[in-house]
Undergrad: 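First the structure, which I've put down as structure tokens, then a few questions once you've had a look.
What you see below is based on every heavy atom in this structure, not just the backbone, and it leaves out hydrogens, waters and symmetry mates. So that the names make sense, note that chain A is the first sequence line, chain B the second, and so on, each numbered from 1.
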Amino acid sequence: MTVQAPRGTQDLLPGTTEKWQFVERKITDLCRRFNYQEIRTPIFEHTELFQRGVGDTTDIVQREMYTFTDRGDRSITLRPEGTASVVRAFVQNKLYGSPTQPTKLYYFGPMFRYERPQQGRMRQFVQFGVEALGSKDPAIDAEIMSLAMSVYQELGLKSLKLVINSLGDTESRNNHREALINHFEPHKEELCADCQVRLTKNPLRVLDCKKDREHPAMATAPSILEYLNEESGEYFQKVQNYLDHMGIPYEVDKNLVRGLDYYNHTAFEIMSDADGFGAITTLCGGGRYNGLVEDLGGPETPGIGFALSVERLLMALDAEAVALNENSGVDCYFVSLGDKAQEEAVRLTYELRKAGIQIDKDYQERKLKAQFKTADRLHVKYVIVLGENELENNQVSVKDMESGEQQEVALCELVTYLIKALQGDKQDGK
RNA sequence: GCGAUCGUGGCGAAGUGGUUAACGCACCGGAUUGUGGUUCCGGCAUGCGUGGGUUCAAUUCCCACCGGUCGCCCCA
């Protein structure tokens, strides 16, 4: 057997890459409108960054990281997410010193997590993410969510659900944590094995357990929203007010918890309602992470961001049968007959390409008919034919593939003729 | 990491413990010495994920591994 791509990775082939390019262009354009600038960070980092940034107790750090020792005996990890790297770069390059704050950044690139692959979950996957560092204005929380929603909406998705929650500040979280432990402790034996561990480690996670969802204690569990202190409560209320003002529909889910340790205050997810989606419906996740910049050695700087999976975005587009008008292919095809003509065809094709014309030719030494078949399959607008007859007269035949009409054009006029013809088509809306 | 299920040409898909592994699509050639479609004719898997085992004989039975899919866990 020949060597295969490693488990959980995939090749993106022509036909699919056009879709990716289309989506990337759309997102880049959107970021420009929202004034977020691109940042590119390394694909691998010191392992310590993720242990400190993502959190030592998270599943990502504990069992999903691609970690190895390099030749210099350093522990290196392929990045499992983007926020830690962006914050590290923010601190290291002292972007907090820039006169324009908040610092609004976006990134695009592969992430790596060692998990059991299934649809919508690859070991290497591509995330688009956004971070706004340096503002604790609830309006920026709303802006971040509006940007995330815009990505999906502008690509034509309809079945979307924005779910938000507040995790509160440290004080609120500690109070809630205590209340949760007190609430569930009497029922500990009735909970699933995972939750028994969670109860002491991270009781918040018990709330979104799928197994114990029906347990009576779940319905009466203390909600984080009841434990928000005044400041946190007001903050959350303001975020909702801004969303209302912008006309962005959402629902509050008091059980929404995110898996990364660094989140506080605003947490949100965007999910797909579309049919044909399996167990994985979360398209995008994000939230506020005040304190993370300090944890990574920077000055006190609030932050908020989100990340979305491009693979899942494309799955959603597929599920809703959204057609992307990605443009690919060429406008012209050069058909030649005989060695002499081939020589001239090679030269002319190059000339046309240098003049900006999209054109291809045959490299299989195929018959005229077969070359035309290929041209037809490529949906070209014009076929240029060069045979013995044309060669003698220093001209080519240019065939309009739609009308079927054919015209003789002098070699020296071919470039201008084609440019004119293609421009004409464009104006006609072809 | 756990459970289930699947793996036959470029794609879809039949099939059987035993001579040349159906069929459809796609592709290539010809009928048509220089023009796209249709039709007709012909071609196209020395091999049935990989490696072992059982057997006189395995694509078919057994085992392991690899990979896909679905669910759980978790997440994007």
Undergrad: Return the set of residues passing side-chain contact (heavy atoms from CB on, under 4.5 Å) with Thr170(A) (not counting sequence neighbours), or none when no residue passes.
TA: Asn174(A)
Undergrad: What interatomic distance, in whole Å, is found between C1' of A21(B) and the corresponding atom of C48(B)?
TA: 8 Å
Undergrad: What's Ala307(A) touching, base or sugar-phosphate or nothing? Going by heavy atoms closer than 4.0 Å.
TA: sugar-phosphate
Undergrad: Roughly how far apart, to the nearest Å, are C62(B) and G24(B) at atom C1'?
TA: 34 Å
Undergrad: Write down the distance between CD1 (Ile270(A)) and P (C75(B)), rounded to a whole number of angstrom.
TA: 18 Å
Undergrad: List in chain and number order the residues that pass side chain to side chain donor-acceptor pair (under 3.5 Å) with Glu413(A), two or more places apart in sequence or in another chain; answer none if no residue qualifies.
TA: none
Undergrad: Report which part of the nucleic acid Glu115(A) touches: base, sugar-phosphate, or nothing (heavy-atom distance under 4.0 Å, all strands).
TA: base
Undergrad: Considering residues at least two apart in sequence or located in another chain, which fulfil the side-chain contact (heavy atoms from CB on, under 4.5 Å) criterion with Tyr36(A)?
TA: Cys31(A), Phe34(A), Lys104(A), Tyr106(A), Val130(A), Ala132(A), Ile140(A), Glu143(A), Ile144(A), Leu147(A)
Undergrad: By ring pair (Phe, Tyr, Trp, His ring centres under 6.0 Å), which residues pair with Tyr350(A), not counting sequence neighbours?
TA: none
Undergrad: What is the per-nucleotide protein-contact pattern of nucleotides 28-41 of chain B, from the 5' end, where B denotes a base atom under 4.0 Å from a protein heavy atom, S denotes such proximity for sugar-phosphate atoms only, and - denotes neither?
TA: SSS-B-BBBS----
Undergrad: Could you tell me how far U5(B) sits from G49(B) if I compare only their C1' atoms? Round to whole Å.
TA: 16 Å
Undergrad: Could you work out the separation of U19(B) and G36(B) based on their P atoms and round it to a whole Å?
TA: 45 Å
Undergrad: All N/O contacts under 3.5 Å from nucleotides 64-69 of chain B to the protein, with atom names and distances to one decimal?
TA:
{"residue": "G68(B)", "atom": "OP1", "partner": "Gly8(A)", "partner atom": "N", "Å": "3.2"}
{"residue": "G68(B)", "atom": "OP2", "partner": "Arg7(A)", "partner atom": "NE", "Å": "2.7"}

Undergrad: Measure the distance from CZ on Arg113(A) to C1' on C73(B) and round it to the nearest whole Å.
TA: 14 Å
Undergrad: For Leu283(A), which contact category applies under a 4.0 Å heavy-atom criterion: base, sugar-phosphate, or nothing?
TA: sugar-phosphate
Undergrad: Could you state the atom-to-atom distance from CZ of Phe112(A) to C1' of A76(B) in whole Å?
TA: 14 Å
Undergrad: Considering only the P atoms, how many Å lie between G9(B) and U46(B), rounded to the nearest integer?
TA: 11 Å
Undergrad: Between Asp295(A) and Arg52(A), is the closest basic N to carboxylate O distance under 4.0 Å?
TA: no
Undergrad: Regarding Asp362(A) and Lys373(A), does a basic nitrogen lie under 4.0 Å from an acidic carboxylate oxygen?
TA: no
Undergrad: I need the CD-C1' distance between Gln127(A) and C75(B), as an integer number of Å.
TA: 10 Å
Undergrad: Under the side-chain contact (heavy atoms from CB on, under 4.5 Å) rule, collect the residues that match up with Ile224(A), sequence neighbours excluded.
TA: Asn165(A), His176(A), Leu228(A)
Undergrad: For Leu157(A) and A76(B), what is the distance between atoms CG and C1' respectively, to the nearest whole Å?
TA: 15 Å
Undergrad: Write down the distance separating the C1' atoms in U32(B) and U39(B), rounded off to the nearest Å.
TA: 12 Å
Undergrad: Using the ring of Tyr114(A) (Phe, Tyr or Trp, six-membered ring only), decide whether Arg123(A) places NZ or CZ under 6.0 Å from its centre and within 45 degrees of its axis.
TA: yes
Undergrad: Do Arg121(A) and A76(B) have a side chain to base donor-acceptor pair shorter than 3.5 Å?
TA: no
Undergrad: Are there runs of at least three consecutive Watson-Crick or G-U pairs touching RNA chain B, with each pair's two distances under 3.5 angstrom? Give them by first number.
TA: B:1-7 with B:66-72, B:10-12 with B:23-25, B:27-31 with B:39-43, B:49-53 with B:61-65
Undergrad: Taking atom types as modelled and ignoring hydrogens, do the side chains of Ser397(A) and Glu408(A) form a donor-acceptor contact shorter than 3.5 angstrom?
TA: yes
Undergrad: Taking atom C1' in both A4(B) and U8(B), what distance in whole Å separates the two?
TA: 23 Å
Undergrad: Rounding to an integer number of Å, can you tell me how far Tyr107(A) OH sits from A76(B) P?
TA: 9 Å
Undergrad: Mind checking what makes side-chain contact (heavy atoms from CB on, under 4.5 Å) contact with Glu251(A), not counting sequence neighbours?
TA: Lys161(A), Val163(A)
Undergrad: Under 3.5 Å, side-chain donor or acceptor atoms of residues 312-321 of chain A against the rest of the protein: list the pairs with distances, not counting sequence neighbours.
TA:
{"residue": "Arg312(A)", "atom": "NE", "partner": "Gly120(A)", "partner atom": "O", "Å": "2.7"}
{"residue": "Arg312(A)", "atom": "NH1", "partner": "Thr282(A)", "partner atom": "O", "Å": "2.9"}
{"residue": "Arg312(A)", "atom": "NH2", "partner": "Gly120(A)", "partner atom": "O", "Å": "3.0"}
{"residue": "Glu320(A)", "atom": "OE1", "partner": "Lys158(A)", "partner atom": "N", "Å": "2.8"}
{"residue": "Glu320(A)", "atom": "OE2", "partner": "Lys158(A)", "partner atom": "N", "Å": "3.4"}
{"residue": "Glu320(A)", "atom": "OE2", "partner": "Ser159(A)", "partner atom": "N", "Å": "3.0"}

Undergrad: Heavy atoms under 4.0 Å, any strand shown: does Gly120(A) hit a base, just sugar-phosphate, or nothing?
TA: base
Undergrad: A76(B) P sits how many Å from Phe125(A) CZ, rounded?
TA: 8 Å
Undergrad: Mind checking ring pair (Phe, Tyr, Trp, His ring centres under 6.0 Å) for His46(A) and listing every partner two or more places apart, or none if nothing turns up?
TA: none
Undergrad: Who are the ring pair (Phe, Tyr, Trp, His ring centres under 6.0 Å) partners of Tyr262(A), not counting sequence neighbours?
TA: Tyr289(A)
Undergrad: Please state the P separation for the pair A64(B) and C70(B) - nearest whole angstrom.
TA: 24 Å
